[in-house]
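In what follows, a single structure is set out as structure tokens and then discussed.
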Amino acid sequence: MLPRLAITPGEPAGIGPELLIQLAQQHWDAELVAFADPQLLKQRAAAINTPITLHSFNPLAPRAHQASNLSVQPIEMAHASKPGELDVRNAAYVVNTLAEACDANLRGDCHALVTGPVQKSIINDAGIPFSGHTEFFQQRCKVDKVVMMLASTELRVALVTTHLPLNKVSATITATELTRVTEILHSALQQDFGCENPRIMVLGLNPHAGEGGHMGREEIDVIEPCLATLRQRGWQLQGPLPADTAFQAKYLDQSDAVLAMYHDQGLPVLKYQSFGRAVNITLGLPIIRTSVDHGTALDLAGKGSADCGSFAEALHLAISMSRHRFTVHQKPEHQEPEKQKGKTP
Ligand SMILES: NC(=O)C1=CN([C@@H]2O[C@H](COP(=O)(O)OP(=O)(O)OC[C@H]3O[C@@H](n4cnc5c(N)ncnc54)[C@H](O)[C@@H]3O)[C@@H](O)[C@H]2O)C=CC1
Ligand SMILES: NCC(=O)COP(=O)(O)O
């Protein structure tokens, strides 16, 4: 099968459009379909002095990727965009690209969705409540819960809470929430990452995982009992471990994923190790969605100097996940993870 990827370049003033233009220069064993304004893509290609030929996307006519070409599902911007300059008038355009690309996947016109970075603040400034792609696609796909996981070849980190102010984190970590997140992570590790009996390392919330209740009780009251219940299913769940000492080979070598309680507990570690090579994956959606590990980098936009490594990894992962999910009775090459060393498939 020829995987067809719906790709949203994200914030037009950011680096997303030029990263996509640069990646289009390479060979891809897939069809790449940009859900974007064709004028934006042409302008950004000219700005970085890179050729691009655009073709109208036709869901009925698969077109294998050719270097310097892109299929496009045109979505018009409200206003011409300048690199590095946010424009609140284009916020609705950004959201439209996400909605159309998501719907194309739900209809079965595309096999996976790969997103470039959006500027969450400008979307909110436009009066559109938006905390992230993760929550947006959860709502659009009408599922009750999804999980954000970032993965590199060395490490996978999933989050119990995502884009939430720190002062709301503790109250959000209930037994129900933690159970649901662990279930989604466990199932995704089995289905999409080839871990037959996933080993999950769970972090505590408080310093020293609560120091026996002297530095917070969430571990004793919520996390430990929840993990004990889940272990009755035969699941391999380690923890809750103190987050400051958990990220060492001794523990990581024995786990397929780390489950962190909140965004800035887990992601700085992963990004310190793998920034520019990691992929953000939304688990629990009915569609495949991967994304970059970085933001809009307005300071670099239009210069052609931003690193496209993470965007490339997001495309590769979307292709391999599509092949795995959409090819019946065929074991693709990447499906030997129990024996492989890397954390991304
Ligand atoms: N997937 C997404 O849509 C994401 C969006 N964001 C959004 O991006 C906006 C800016 O966020 P920041 O925290 O400033 O993060 P950022 O990732 O945009 O920038 C942080 C630093 O990393 C550098 N950087 C980022 N991507 C790079 C690349 N590909 N190559 C070379 N250098 C790169 C930037 O120049 C900057 O110095 C925010 O609105 C945030 O919400 C942030 C993370 C992910
Ligand atoms: N730190 C990850 C991030 O902010 C991207 O989140 P999302 O927009 O993919 O939900």
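Just so you know, ligand 1 is whichever comes first in the structure, and atom 1 is the first atom listed for that ligand. Only a predicted model underlies this, so the values are computations on that prediction, with no experimental measurement involved.
In terms of heavy-atom proximity, Gly116 sits nearest to Val292 at C-CG2, 4.2 Å. Taking every heavy atom of both residues into account, Met148 and Thr134 meet most closely at CE-OG1, 3.4 Å.
For Asp293 and Arg277, the salt-bridge test fails: no basic side-chain N is under 4.0 Å from an acidic carboxylate O. Checked for salt-bridge contact, Arg233 and Glu183 meet the test: a charged N lies under 4.0 Å from a carboxylate O. Salt-bridge formation is not detected for the pair Arg180/Glu177: no Lys NZ or Arg NE/NH1/NH2 atom is positioned less than 4.0 Å from an Asp or Glu carboxylate oxygen. Between Lys82 and Asp87, none of the side-chain N atoms (NZ, or NE/NH1/NH2) sits under 4.0 Å from a carboxylate O, so this pair counts as no salt bridge.
Protein heavy atom closest to atom 5 (C) of ligand 2, with residue, atom name and distance, is Asn280 ND2, 3.5 Å. Atom 8 (O) of ligand 2 has as its closest protein heavy atom His133 ND1, 2.7 Å. The closest protein non-hydrogen atom to atom 30 (N) of ligand 1 is Asp307 N, 2.9 Å. In terms of protein heavy atoms, atom 22 (O) of ligand 1 is closest to Phe275 CE2, 3.8 Å. Protein heavy atom at the shortest distance from atom 6 (O) of ligand 2 is His163 CE1, 3.1 Å. From the protein, the heavy atom lying nearest to atom 6 (N) of ligand 1 is Gly295 CA, 3.4 Å. Scanning the protein for heavy atoms near atom 2 (C) of ligand 2, the closest one is His263 NE2, 3.8 Å. With respect to atom 10 (O) of ligand 2, the closest heavy atom belonging to the protein is Thr134 OG1, 2.5 Å. The protein atom (non-hydrogen) at minimum distance from atom 33 (C) of ligand 1 is Leu300 CD1, 3.8 Å. Remark: minimum distance from atom 44 (C) of ligand 1 to any protein heavy atom is reached at His294 O, 3.2 Å.
Not one N or O on the side chain of Arg323 forms a donor-acceptor pair closer than 3.5 Å with the backbone of Pro3. Counting only distance, with no hydrogens or angles, the side chain of Thr50 and the backbone of Ile48 share a donor-acceptor pair below 3.5 Å. With Arg231 contributing its side chain and Leu237 its backbone, the two residues share a donor-acceptor pair below 3.5 Å.
Residue Ser291 has at least one heavy-atom neighbour below 4.0 Å for each of these atoms of ligand 1: 1 (N). The ligand atoms of ligand 1 that sit less than 4.0 angstrom from a heavy atom of Ala306 are 30 (N). Taking a cut-off of under 4.0 Å to the non-hydrogen atoms of Ile15, the atoms of ligand 1 that pass are 26 (N), 28 (C), 29 (N). Those atoms of ligand 2 that come under 4.0 Å of a heavy atom in Leu267, given as number and element, are 1 (N). When each atom of ligand 2 is checked for a heavy atom of Gly132 under 4.0 Å away, the hits are 8 (O), 10 (O).
Looking only at atom types and distance, the side chain of Glu218 has a donor-acceptor partner in the side chain of Ser170 under 3.5 Å away. Residues Ser255 and Gln238 bring no donor and acceptor atom of their side chains to less than 3.5 Å of each other.
Residue Ser121 places no N or O, backbone or side chain, under 3.5 Å from any N or O of ligand 1. Considering backbone and side-chain N/O atoms, Asp299 comes within less than 3.5 Å of an N/O atom of ligand 1. Note: an N/O pair closer than 3.5 Å links Val118 and ligand 1 by distance alone. Here's the thing with Pro117: none of its N/O atoms is less than 3.5 angstrom from an N/O atom of ligand 1.
Here atom 9 (O) of ligand 2 lies nearest to Arg289 when heavy atoms of Met148, His294, Arg289, Lys120 are compared. Looking at Thr296, Val292, Ile123, Asp293 and measuring to atom 8 (O) of ligand 1, the nearest heavy atom belongs to Thr296.
Using cut-offs of 30° and 60° for the angle between ring planes, the His186 and Trp235 rings count as parallel. The aromatic rings of Phe275 and His294 sit perpendicular, their planes meeting at an angle over 60°, well past the 30° parallel limit.
Within a 4.0 Å radius of atom 19 (O) of ligand 1, the protein contributes no heavy atom. Under the 4.0 angstrom criterion, atom 41 (O) of ligand 1 counts as having a protein heavy-atom contact. For atom 1 (N) of ligand 1, the protein comes within 4.0 Å by at least one heavy atom. Within a 4.0 Å radius of atom 10 (C) of ligand 1, the protein contributes at least one heavy atom.
Residue contacts with ligand 1: Gly10 is excluded, as none of its non-hydrogen atoms falls under 4.0 Å. Contact annotation: Asn280 has no heavy atom less than 4.0 Å from any atom of ligand 1.
A 6.0 Å sphere centred on CD of Gln139 holds no more than 12 heavy atoms belonging to other residues, nucleotides or ligands. Counting heavy-atom neighbours within 6.0 Å of Gln25 CD, excluding the residue itself, gives a total above 12. Heavy-atom neighbours of Asp299 CG from other residues, nucleotides or ligands within 6.0 Å: above the threshold of 12.
At a 4.0 Å heavy-atom cut-off, ligand 1 does not touch Glu11 at all. With a 4.0 Å cut-off on non-hydrogen atoms, Leu298 does not touch ligand 1 at all. Looking at Ala297 against ligand 1, both its backbone and its side chain come within 4.0 Å, counting heavy atoms.
When the side chains of ILVMFWY residues are joined at heavy-atom separations under 4.5 Å, either directly or via intervening members, Leu298 and Leu20 end up in two distinct hydrophobic clusters.
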